Each structure stands twice: as structure tokens, then as C-alpha cells.
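So the structure is just underneath, and the comments pick up after that.
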Amino acid sequence: MALSWNEIKDRALKFTKEWQGESRERAEKDTFWNDFFNVFGISRRRLATFEEPVKKLNNKQGFIDLFWKGTLLVEHKSKGKNLDAAFEQATDYFHGIKEHELPKYVLVSDFENFKLYDLDDKKEYEFGIKDFHKNIKLFGFIAGYQKRTFKDEDPVNIKAAELMGKLHDQLEESGYEGHPLEVFLVRLLFCLFADDTGIFEKDTFKEFIEVKTNEDGSDIGAWLAQYFQVLNTPTAKRLKNLDEHLAAFPYVNGKLFEEPLPIASFNSRMREILLECSSLDWGKISPAIFGSMFQSVMNPEERRNLGAHYTSEKNILKLIKPLFLDELQAEFQKAKSNKNKLKEFHQKLGSLKFLDPACGCGNFLIITYRELRLLELEVLKELYGGQQVFGIDQIMLVDVDQFYGIEYDEFPARIAEVALWLMDHQMNLRISEAFGMYYARLPLKKSATIVHGNALRSEWTEIIPKSELSYILGNPPFYGSKNQNKEQKEDMKNVFGSLKGSGVLDYVTAWYLRAAQLIQSSKIECAFVSTNSITQGEQVAVLWNELLNRYSIKINFAHRTFNWKNEAKGNAAVHVVIIGFAIFDKKPKRLFEYSDIKGEPHEVKAKNINPYLVDASNSVAISRSKPLCSVQEVIRGSETTDSGNFMLSEEEKNELLKNYPQSESFVRTFQGGGDIINNRKRYCLWLRDVSPAAYRNIPLVMEKVQAVKDFRLSSKKERTRKWAEFPTLFSEDRQPENDFLVIPKVSSERRKYVPIAYLPSSVIINNTASALPNANLWYFGIITSLMHMTWLKYTCGRMKSDYIYSIQIVYNNYPWPKEPSDKNKKAVETKAQKVLDVRAEFPESSLADLYDPLTMPPKLVKAHQELDKAVDLCYRPQAFTNETARIEFLFDLYNEYTMPLLKKEKKTKKK
């Protein structure tokens, strides 16, 4: 075990007294460095060699004064010699050193002065021997005992995972696979980490592999099997004649090494990889990040994008800070001045219990545990600072057994258990540093409870009693309804039962319902990361009507849509929200908004947070077949069900018109929403009400009609096969008879306004656009206004982050102005015409050009601003100042419009 910092400092002072004034390099150098290592309770002989031979850059033979492979290179000079020149000499040796043996530190000395170079952090430190005791923490790496800072993107995490991936592949190729392989790799992970962080004496595992095993690797499997057995055996019960290298390892327990495994077969390449792994500085590994990367090495597809799937600590903190951490920090600040209250607060920290019912590799639990331990450390400093503490274990209350998880796959579940132990040890080093005495929890007596199973088929209260649970948190799977496999669809049925409309819900929603059911009549608080689609479009009515009305759920904090990603190269960003909820209200509620979904949020206090994550009443826009207000209906574009056979290329269209002039009556422009926005023209056959004599003798037309018939006949759907009887018609013909207003179904969220336009009835639109027949300027003005766009933004569904304009959800629920005056209506029509007039000044520009935020003409911007103000005045006497005021007003108006309908519905149900 490592010495305490207090003892190391005492030894450093003795070292200084003994060696101050020494100057003879040759006579005393070796003794000097033996004594130097002894300051840290380490035997130099076990770790480092003197006069290590190596080829220098000029190909001449050189000798390194002291070399600890993979960690430290020392160059020693006589008193008064140039230490910068000594460093240059030291780096000359790098040419002849194997890559995995290159040092992380270079130390040069002339007895009187030290100069330490940290090659990883590119820092250097210089001090005299008299100040050695003040700088001993720079040498924490010798005892595996130092404070570390972790970076999400630290390359050591990726390097370690890559090496473990290589070892995984080699073992699997040898026939060592499945469950034994997973357990074997997790054990190696623990040992590698223990070797660099003081759980084991520094580099004992690395030395064990180097010294005891053959270079061809043939005996590594047998040695490791015996090694794992030793770690699982109390010291007093071990064999008396046990190999001295094995006997040096402590008793670990914690069931990590309990299960007997088949003996693995190694070769020289596998031994080399294992030694390369052991040469990394595992003290720099972040348990929270590495777990996800380690999991990904098991999947070759994921490994190609290694590092792209971990959840960054910053994003985890976005959930845990408003869920509990900010409140605990505030409570600690209040209790600091009162020892009794502080002790009560400390007891509270030790009693909190956390459940992540989709824990993966334990990222959320690990960061939560770290933050709880850091807070406990602040409490202990207040309670015991300046006092003599005889046993760190006697004053700590927070432990890993306060954490529970459920994970579908076994491998990440096992990683989560080990990663929590690793984080526990890192936090023990922090507290050891603060109180000047070393502490490591060995043997492992407590562990997190991580259950391998299906969280949607498990009873959560069998894992932890409801009465003990404090918080439920995590990042459940995101699969949309169309991407769920058979088992996941069964899970959804198991959770939602016969709930009407549940077939459209994302997989993550099942965790919301299970949590809502569990927390009834309790003070348990929950928070999940979720796809933003559960706060948009048709899912809102299905999910949140159930959560709000049946289970009385209150949203107490939320992060509105942002990019859930890390900085790893090539990773895919997901648009998510974070929702914190309970069955009781907390005041004030906290809403985190993002002006840039890739940026940082700003916090606003809210009176209420509704399912759209807006500070407004808990209104839910249900799917309506008819508009809520007395306005014209919007209709969807037509369906072809033709496998593209009604379509004509530019060449086909030109050929038809040239050879068969009569085809002009049935060749039409055909456009979808994207075509309309980007001014693309396609063409189609439109044979409705066309005499057969006009096209029966045209080969191309007849070929296409036959192809439509054949395609429909081959369908598995009976309805489609019936449409084969009408091969000249679109399967769903909703084409307006007169000119109409067209609304694209999908539009970029970058645009302030969805581009809508008037089209003649001769243009056929498909189902990626909607039509408002006979729409006058009043309709155009309202639908293209910022007021309507705000409603769209909050209630629509999304395709990634793009808006999806739904007739049933967006248009049919939109609260139109209540009895606007003729003057105000006329003003809207005038300003709407102005928008169209300005557009007409740019005949070469598409709607995409005109409504791109970067290229929108200033004249058009001003015309829209004037229209927005005119529409605002139809709702109230003064214009709205911001988006928040608009949406709050619209939800209140929606609530006013729907209240009579709800009362009527309730009366009908009673009858």
C-alpha cells in the first residue's frame, strides 16, 4: 500500500538533510536514487534499472543513468553541470527505446537541483533539493498517488480502448469468447488501473507479466488464472509456498475474481499488447468515459468510430445538477456554520439512493458518485479540518452501495460495477490527499447493485425498495416507433397496454411511464435524457395526457432541445431534451433554453413547464381531424402508389410533347415540398378524366400504366392490390380544382418562416406538401406569420431538427385570432400582398434562396416584420416582444378554446 503524504513528506525532509551538499556523481549516484525512490516507499530495484544500454540517434551505444520503462528516465550530472544539456542528452536516448517503453517523465539532477519534465502535459518544474519536500506531489506518479484532472477527449482513453480492442480480437480468434472473454477483459481493466493508482504497489502487475511469463506468451493464460485466484483469496488463506510475485498482491474480493474462468491461450503478439496496455498511464483514465469506449471494442462496427458514443461529463452534469446537486450544494452552504446541521447533512448524503434503469456502462452513476464524494469531502474538511483523523474510513459515509442500475447487456453491466470501484478509488485518493494519510478500500466489501436484465420487464422495487429510493435518472434507449425491433415493440405493449395511440411513441417513453408508476405517493425525483420528439407532435398527446392526468406528473426542470454529443471525431449528434419530474411541484421551476442548440443554455425561472417545455399551462395539442377554429381545412397532397412509374424525366416529357402533341393535356408539373422550396420541376402523367383514345396508342404511356398495375398487384396490402384495377389513377387523388396555397411538409429549422406559396391547380402536389384551396390573403398572412411559426415550432414533430408541418397537430389546433376587426384583417391582407410583391422582385430566386437566414433580402425581412406586427394586433392591442410571450399567449388561448370542448366531452362520458 502507498505511504501517506505526511510520511512521504517526513522522508523527503530526511532525504534532503542527508544529501544536501553532495557533489560526486560517480561515487554516490546510485545510492542517491535508491534513497530517492525510498522516499515514496518504493524499491528502486523492482521498478528501474541503472545504466540501461540503448542506441542513440547517431547509432552510438549509450547508457541511461536510470530507466523505469514506460514511466521515467533519469539523467544525473555532477554538481553545477548544465541541466538543460542533460535533458537534451536524455531525449537522445528516445530513438533506441520501444514505443510502449517511452517515458512519460524525464528527471535531471545534479544532487543540488532537480528539473522534472512532464512530457504528456508539456510542463517543466525546477527546484532545489532544499525544496524537495514542498514539491513531492509532482512525483505522485511514482506511488500511483496523485490528483488527476480528466478531459473528455483525452487521447489516453481512446488509446487504452483501442489496445483492449486488439487484445479482445486476438483472444476471440483463439476461441476464447462470449461470457468468459467479457469477464476476463473486465478483470484486466481492474488490474491495469490498480497498477497505476496505488491499489496495487506501483507496476506490480506489469512486472509480473514481464518477469514471470515467457516471451512467446505460452504460459500467460495459466499465470493469469492463478493470479485471479490469488486476488480472490484472503492473505491468511493463501498457500505458504506461493510464488513471491503473486504473494505481493492484495486480497481484492468484491466477487470480481470469484468466478472460475477457462484458461486463455496467449501468443507473443498478445503478450506484447498486454505489456503495451500496462505501459499506459491508467491513472489518467476516466472511468466514466472509458467504460463506454471499452464496451464499444466488443463491436467491430462501433470500434471504427471509437470514442464517438460516450456521454460527456458536461452533458451528464446538465441532468444531475438541477435534479439534486445544485440543491445539495445550496444546503451545504447553509449548514456550514452549524456543526450539528452539517453532521445531519452528512448523514443525508450517506442515505441517498440512486437508480439508473438503463445504466449502460454506468456513466450517470459514476459521475453522480464522484460529485457526491466531492461534496462529502467539502463536508469533511469543514468538520475535521485541522484535527487529527485516525481513520479515514471512520469518517466517510458515502459509498458505492448507494447506487443501483439495470442494464440489458451483461458486458456493460459488469463494466459499470468495476468502473464505480475505480471511481471510488480515485475519490479515496482525493480524500487521502486532503487528510495526509493513504486510504484504499481493500478488500472490496461493498459494491453497486447492477442487475443484468430488461428494465421494462423487471420490477424495479425488487432491486431497491421504493421507501429507500431518492432519485431515478439516466439516458434510456432512443429508438423511434419505426426503428423498434420485435422485442422492443413487445416491451412497449407490456408497458403501455391498450393506451390509445401508443404505437407512435419512442422507446424511451416506456421509462417515463414505469418511473411515473413507481413514484406515486413518494418524494422520489426523476430525470431522463430523451429524444426531443417526445415533446413535439403527436407523441405529446399520447404520452403526456397519460402522465399528467393519470399519474399527476409535474415537470420541475427541463433542458429544451440541444445537441447531445461529444467532441470525438465523426460522432453523430442527436437532438435531445432533459426532463426532470416528480409527483410534486418545486418552485421555482427551472427551464434551460438554447439560442444555439450546439451552444450553452441560459436558465429562466418558470411558473409552470408544460409538455412542450414552455412556461405555460399544461395544454396538450391532440390530433384533430377538423380545425379547432372556424377556418378552411387544409388537405394533404396526393398519393401515387406507383413505384415512380407515373413520373416522367425531362427527356421523356419533351419526347412525348414533340411526338404526341395531344399529350399536353395529361403531362403535368409534379412537385413535392422540397421541389417547391428549391424551385425544382418534375413531371408526371395525370390521366384523370382523360379519354383513353388520347394515350392508348402511345407506347411510353402504356408501358408506364402497365408498370403501375404490376407494382400494385405485387403488393402485400389488399388495399393496394385493389387499386391495380385503376392503373391510370393516383391511389389517393386530393388535387384541388382551383389555385391553392401550398405548405411544404418538412422545412429547415434554420428558417424563421416556412416558405409557403400559391400554385395553380395544374401543378400536381404529392403527400410531402399540403394544400389550402381557395386561400385568400388573410390565410396567407396568418400562416406565414411569426405567430403561426412559433406555434409550429413548439407543437410540430421533427425530422432530426427540421420542422414537420402536421395538419392534424399544427394547423387544426392553431388558435386563430378571436374576432379581429375588419381594419386589422385588412391590414394583414395588405401586408401579406406586400410580402408576395417583394418576392416577385426576385424571379430567379427560389424560396430556399429567399428564406435562407443568410441570404433573405432586407426588403423581404422588412415586409415580414410588418406582416408580423399586423398579425400580432389581431390578437391583442400591442405587438409581442419575444417568442416566449407569443407561445405563452397561444397556449392560454388554446386552453380557452378547448376548455368548452373538454367539458362537453366529460358530460358525454358521464351519460
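Computed from a predicted model, the values in this text were never measured in an experiment.
The shortest distance between side-chain heavy atoms of Leu355 and Trp460 falls below 4.5 Å. Counting heavy atoms from C-beta on, the side chains of Lys321 and Arg590 never come closer than 4.5 Å. Here the side chains of Leu167 and Leu188 are in contact, with some heavy-atom distance below 4.5 Å. No side-chain heavy atom of Leu72 sits less than 4.5 Å from a side-chain heavy atom of Leu47. Gln426 has its side chain within reach of Met423: a pair of non-hydrogen atoms, C-beta onward, lies under 4.5 Å apart. Side-chain contact check for Pro412 versus Glu407: some heavy-atom pair is nearer than 4.5 Å. Inter-residue side-chain proximity for Asp118 and Lys104 is flagged as unmet; no heavy-atom pair is nearer than 4.5 Å. Between Pro477 and Val508, the closest side-chain pair of non-hydrogen atoms is not below 4.5 Å.
Taking the centre and axis of the six-membered ring of Phe228, the NZ or CZ atom of Arg187 falls inside the cone set by 45° and 6.0 Å. A cation-pi contact links Lys523 to Phe584, judged by a cut-off of 6.0 Å to the six-membered ring centre and 45° from its axis. Judged by the 6.0 Å distance and 45° axis criteria, Lys237 is not positioned over the aromatic ring of Tyr251.
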Under the criterion side chain to side chain contact (heavy atoms under 4.5 Å, CB included), I'd like the reasoning laid out for Arg441 against Asp399: C-alpha separation, chi angles, the key distance, then a yes or no. CA-CA 10 Å; Arg441 267 194 248 259; Asp399 209 334; 3.2 Å; yes

As a quick check of understanding, evaluate side chain to side chain contact (heavy atoms under 4.5 Å, CB included) for Ile579 and Leu613, giving each step before the final call. CA-CA 9 Å; Ile579 301 176; Leu613 308 187; 4.2 Å; yes

side-chain hydrogen bond (donor to acceptor under 3.5 Å, both in side chains) between His559 and Glu603: does it pass, once the steps are laid out? CA-CA 9 Å; His559 281 261; Glu603 181 180 347; over 6 Å; no

Before giving the answer on salt bridge (Lys or Arg N to Asp or Glu O under 4.0 Å), spell out for Glu276 and Lys159 the whole-Å C-alpha distance, their side-chain angles and the decisive distance to 0.1 Å. CA-CA 10 Å; Glu276 201 173 345; Lys159 178 68 174 174; 3.8 Å; yes

side-chain hydrogen bond (donor to acceptor under 3.5 Å, both in side chains) between Tyr404 and Asp356, intermediate numbers included: CA-CA 6 Å; Tyr404 300 78; Asp356 183 345; over 6 Å; no

Can you list the steps and then say if Tyr105 with Phe139 is a ring pair (Phe, Tyr, Trp, His ring centres under 6.0 Å)? CA-CA 10 Å; Tyr105 301 89; Phe139 301 96; 8.4 Å; no

With ring pair (Phe, Tyr, Trp, His ring centres under 6.0 Å) as the test, would you mind laying out the steps for Tyr384 and Phe435 before giving the verdict? CA-CA 9 Å; Tyr384 302 102; Phe435 286 93; 7.0 Å; no

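Atom NZ of Lys605 sits in a crowded spot, with more than 12 heavy atoms from other residues, nucleotides or ligands closer than 6.0 Å. Under a cut-off of 6.0 angstrom, the local environment of CD in Gln229 is sparse, with at most 12 non-hydrogen atoms contributed by other residues, nucleotides or ligands. Counting heavy-atom neighbours within 6.0 Å of Lys587 NZ, excluding the residue itself, gives a total above 12.
In this structure, the side chain of Asn338 engages the main chain of Lys341 through a donor-acceptor pair within 3.5 Å. Panel note: side chain Glu376, backbone Leu397; a donor-acceptor pair is recorded below 3.5 Å. For Ser351 (side chain) and Lys348 (main-chain N/O), a donor-acceptor pair under 3.5 Å exists by modelled atom type. The closest donor-acceptor contact from the side chain of Arg430 to the backbone of Leu374 lies at 3.5 Å or more, if one exists at all. Between the side chain of Asn556 and the backbone N or O of Lys586 there is at least one donor-acceptor pair closer than 3.5 Å. Judged by distance alone, the side chain of Arg414 and the main-chain N or O of Ile450 form a donor-acceptor pair under 3.5 Å. A donor-acceptor pair under 3.5 Å is formed between the side chain of Gln402 and the backbone N or O of Leu349. Judged by distance alone, with hydrogens and angles left aside, the side-chain atoms of Glu468 form no donor-acceptor pair with the main-chain N or O of Ile464 at under 3.5 Å. The main-chain N or O of Phe528 is never found under 3.5 Å from a side-chain atom of Trp511 such that the two would form a donor-acceptor pair. Judged purely by atom type and a 3.5 angstrom limit, Lys466 has no side-chain atom pairing as donor or acceptor with the backbone of Ser522.
Gly453 approaches Ser458 most closely through the heavy-atom pair C-OG, 4.5 Å. Closest approach of Val529 to Phe478, counting heavy atoms only: O-CE2, 3.8 Å. Of all non-hydrogen atoms in Leu365 and Leu420, the two that sit nearest each other are O-CD2, 3.9 Å. Closest of all the heavy-atom pairs between Leu319 and Phe364 is CD1-CE2, 3.9 Å. Residue Val252 comes nearest to Leu442 through the heavy atom pair CA-CD2, 4.0 Å, listed as atom of the first residue, atom of the second, then distance.
Tyr408 and His452 share no donor-acceptor pair across their side chains, judged by distance under 3.5 Å alone. Judged purely by distance below 3.5 Å, without hydrogens or angles, the side chains of Asn563 and Lys598 never pair a donor atom with an acceptor atom. With no hydrogens or angles considered, a side-chain donor-acceptor pair links Tyr369 and Asp424 at under 3.5 Å.
Residues that satisfy the salt bridge (charged side-chain N to carboxylate O under 4.0 Å, His left out) test with Arg514, not counting sequence neighbours, are absent from this structure.
Taking the six-membered ring where the residue is Trp, Trp421 and Phe190 present perpendicular rings, their angle passing 60° and hence far from 30°. Between Phe127 and Phe132, the ring planes lie parallel to each other; the angle is under 30°, not in the 30° to 60° tilted range.
Between Lys255 and Glu417, none of the side-chain N atoms (NZ, or NE/NH1/NH2) sits under 4.0 Å from a carboxylate O, so this pair counts as no salt bridge. Electrostatic pairing of Arg373 and Glu378 does not count as a salt bridge here, judged by no charged N lying under 4.0 Å from a carboxylate O. We find that Glu600 and Lys314 are joined by a salt bridge, their nearest charged nitrogen and carboxylate oxygen being less than 4.0 Å apart. By the 4.0 Å N-to-carboxylate-O rule, Glu382 lies too far from Lys339 to be salt-bridged with it.
Leu192 contributes atom CG, which lies 10.0 Å from atom CG of Leu185 (distance to the nearest 0.5 angstrom). Rounding to the nearest 0.5 Å places CG of Asp203 at 7.5 Å from OG of Ser278. Residue Ser279 holds its OG atom at 4.0 Å from NZ of Lys206, rounded to the nearest 0.5 Å. Trp282 CH2 to Leu422 CG: the interatomic distance, rounded to the nearest 0.5 Å, is 9.5 Å. Taking CG from Asp196 and SG from Cys191, the interatomic distance works out to 12.0 Å, rounded to the nearest 0.5 Å. Expressed to the nearest 0.5 Å, how far CG of Leu328 lies from CG of Leu372 amounts to 7.0 Å.
Ring pair Phe557/Phe581: centre-to-centre distance not below 6.0 Å. Remark: aromatic rings of Phe200 and Phe249 are close, center separation under 6.0 Å.
Sorted by first and then second residue, the ring-ring contact (aromatic ring centres under 6.0 Å, His included) pairs with a member in residues 322-348 read Phe324-Phe354, Phe324-Tyr471; sequence neighbours excluded.
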